[in-house]
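A short write-up of the structure that comes next.
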Amino acid sequence: MATRRDVLSDVMENVAEIKARREGKKLPVPVPVLTFEEFERLPEEEGIRYELDEGTLLMEPSPVYRHNLIRQGIFIRLNEFVKSHHLGSVIEEMDFRLGPNTVRNPDVAFVNNEHLKKIDLDRTPVEGAPALAIEVISPGNLAQDTAKKVHQYLAAGSQAVWLVYPSLQLVEIHSSVQGGRLREVREPDLLEESNLFGGAKFVLSLTEIFRVSK
């Protein structure tokens, strides 16, 4: 039976393989299986993002510049809106524990005031799902993995998940209300949302968001 040290050693070997892959070397990367406690003990590695998918460790390289610009643009606008209406907090790339062995790291998250009262600000990951999770989708993201992630957010209590597709110039909105309805907003249309924010209306210009990436 493998010890915790063996498991973590295997994980670090996989991190080295991912780095080699980023340098152009095609190497098979085995998928480690971890408990939440083992996940918490993983050392930080520059350029590597960790998530835990029902016990399966996911490791991805840091996103490209275009991805970061779009994420930053969404964060700035949503953060200004949430602060001005005293609705809670908006944060980038924060770990959220969605289940016993599931930890996700959305690009942008909105945490409402009710959830904020229950959070230990000095611990990570945050227990529970954000009210809104926003994921900027990269070309390498598989559709089935993205669909699973959306399901995990909503099942854990998120009211909505926004999937931002830079290549398609659209945002796909998944909601836990009204039977889990799905809608799309395409550039140059405006993304408008009030259900998440106690009736206050948030408006996001997709033209402005996607333009900064060009």
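Residue numbers run from 1 in the order of the sequence given.
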Criterion side-chain contact (heavy atoms from CB on, under 4.5 Å) on Glu193 and Trp162, from CA distance to verdict
CA-CA 11 Å; Glu193 177 62 60; Trp162 296 354; 4.0 Å; yes

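- The shortest side-chain heavy-atom distance between Phe96 and Glu127 does not fall under the 4.5 Å cut-off.
- Side chains of Ile91 and Val108 form no contact here, defined as non-hydrogen atoms less than 4.5 Å apart.
- Between the side chains of Ser176 and Gln159, no donor N or O sits under 3.5 Å from an acceptor N or O.
- Under the 4.5 Å side-chain criterion, counting only non-hydrogen atoms from C-beta, Ile173 is in contact with Leu191.
- The two residues Pro100 and Phe36 make their nearest non-hydrogen contact at O-CB, 3.3 Å.
- Between the side chains of His86 and Asn113, no donor N or O sits under 3.5 Å from an acceptor N or O.
- By the 4.5 Å heavy-atom criterion applied to side chains, His115 and Val126 are counted as neighbours.
- In this structure, Glu208 contributes its side chain and Ser205 its backbone to no donor-acceptor pair below 3.5 Å.
- Atom CZ of Arg123 sits in a sparse spot, with 12 or fewer heavy atoms from other residues, nucleotides or ligands closer than 6.0 Å.
- Contact of the Leu196 side chain with the Leu132 side chain is registered, since non-hydrogen atoms from C-beta on lie closer than 4.5 Å.
- Between His85 and Phe81, the ring-plane angle classifies as tilted under the 30° and 60° cut-offs.
- The closest side-chain heavy-atom distance from Phe210 to Ile70 is below 4.5 Å.
- Although no hydrogens or angles enter the test, the distance criterion places no donor-acceptor pair under 3.5 Å between the side chain of Asn79 and the main chain of Ile76.
- Put simply, the side chain of Leu42 reaches to within 4.5 Å of the side chain of Leu34, judged on heavy atoms.
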Check the pair Leu57 / Glu51 against side-chain contact (heavy atoms from CB on, under 4.5 Å), numbers first and verdict last.
CA-CA 6 Å; Leu57 180 64; Glu51 288 187 323; over 6 Å; no

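- Nearest heavy-atom pair across Pro125 and Glu40 is CD-OE2, 4.4 Å.
- Other cluster members for Val64: none, since no ILVMFWY side-chain heavy atom sits under 4.5 Å from it.
- Once rounded to the nearest 0.5 Å, the distance linking CD1 of Ile134 with OG of Ser158 reads 11.0 Å.
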Side chains of residues 148-157: which donor-acceptor pairs under 3.5 Å do they make with residues two or more places apart or in other chains?
unit_1: Lys148; atom_1: NZ; unit_2: Asp53; atom_2: OD1; d: 3.2
unit_1: Lys148; atom_1: NZ; unit_2: Asp53; atom_2: OD2; d: 3.3
unit_1: Gln152; atom_1: OE1; unit_2: Arg104; atom_2: NE; d: 2.8
unit_1: Gln152; atom_1: OE1; unit_2: Arg104; atom_2: NH2; d: 3.0
unit_1: Gln152; atom_1: NE2; unit_2: Asp53; atom_2: OD1; d: 2.8
unit_1: Gln152; atom_1: NE2; unit_2: Glu54; atom_2: OE2; d: 3.3
unit_1: Tyr153; atom_1: OH; unit_2: Glu135; atom_2: OE2; d: 2.7

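- One finds the CG atom of Asn101 at 9.0 Å from the CD atom of Glu38 (value rounded to the nearest 0.5 Å).
- Of all heavy-atom pairs between Gln72 and Glu92, the closest is CA-OE2, 4.0 Å.
- Annotation: salt bridge (charged side-chain N to carboxylate O under 4.0 Å, His left out) contacts involving residues 194-203, sequence neighbours excluded, comprise Glu192-Lys201.
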Residues Leu87, Phe110; criterion side-chain contact (heavy atoms from CB on, under 4.5 Å); working and verdict
CA-CA 9 Å; Leu87 297 170; Phe110 162 59; 4.2 Å; yes

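- Heavy atoms only, all atoms of each residue included: Asp95 and Tyr50 are closest at OD1-O, 4.3 Å.
- The shortest non-hydrogen separation linking Ile209 to Ile74 is CD1-N, 3.6 Å.
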Before you tell me yes or no, could you show the steps for Leu163 and Thr146 under side-chain contact (heavy atoms from CB on, under 4.5 Å), namely the whole-Å CA-CA distance, both residues' side-chain angles and the distance that decides it to 0.1 Å?
CA-CA 9 Å; Leu163 302 180; Thr146 301; 3.6 Å; yes

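- Between His67 and Ile137 the shortest side-chain heavy-atom distance does not fall below 4.5 Å.
- Residue Leu142 is not grouped with residue Leu58 when hydrophobic side chains (ILVMFWY) are merged at heavy-atom distances under 4.5 angstrom, including chains of intermediate members.
- By the salt bridge (charged side-chain N to carboxylate O under 4.0 Å, His left out) test, Glu93 is found to be paired with Arg49, Arg71, residues two or more places apart in sequence or in another chain being considered.
- Of all non-hydrogen atoms in Val82 and Ser89, the two that sit nearest each other are CG1-N, 3.9 Å.
- Applying the salt bridge (charged side-chain N to carboxylate O under 4.0 Å, His left out) test to residues at least two apart or on different chains, none of the pairs has a partner in residues 109-122.
- For Glu184, the side-chain contact (heavy atoms from CB on, under 4.5 Å) test picks out Leu170, Glu172, Arg186, with sequence neighbours left out.
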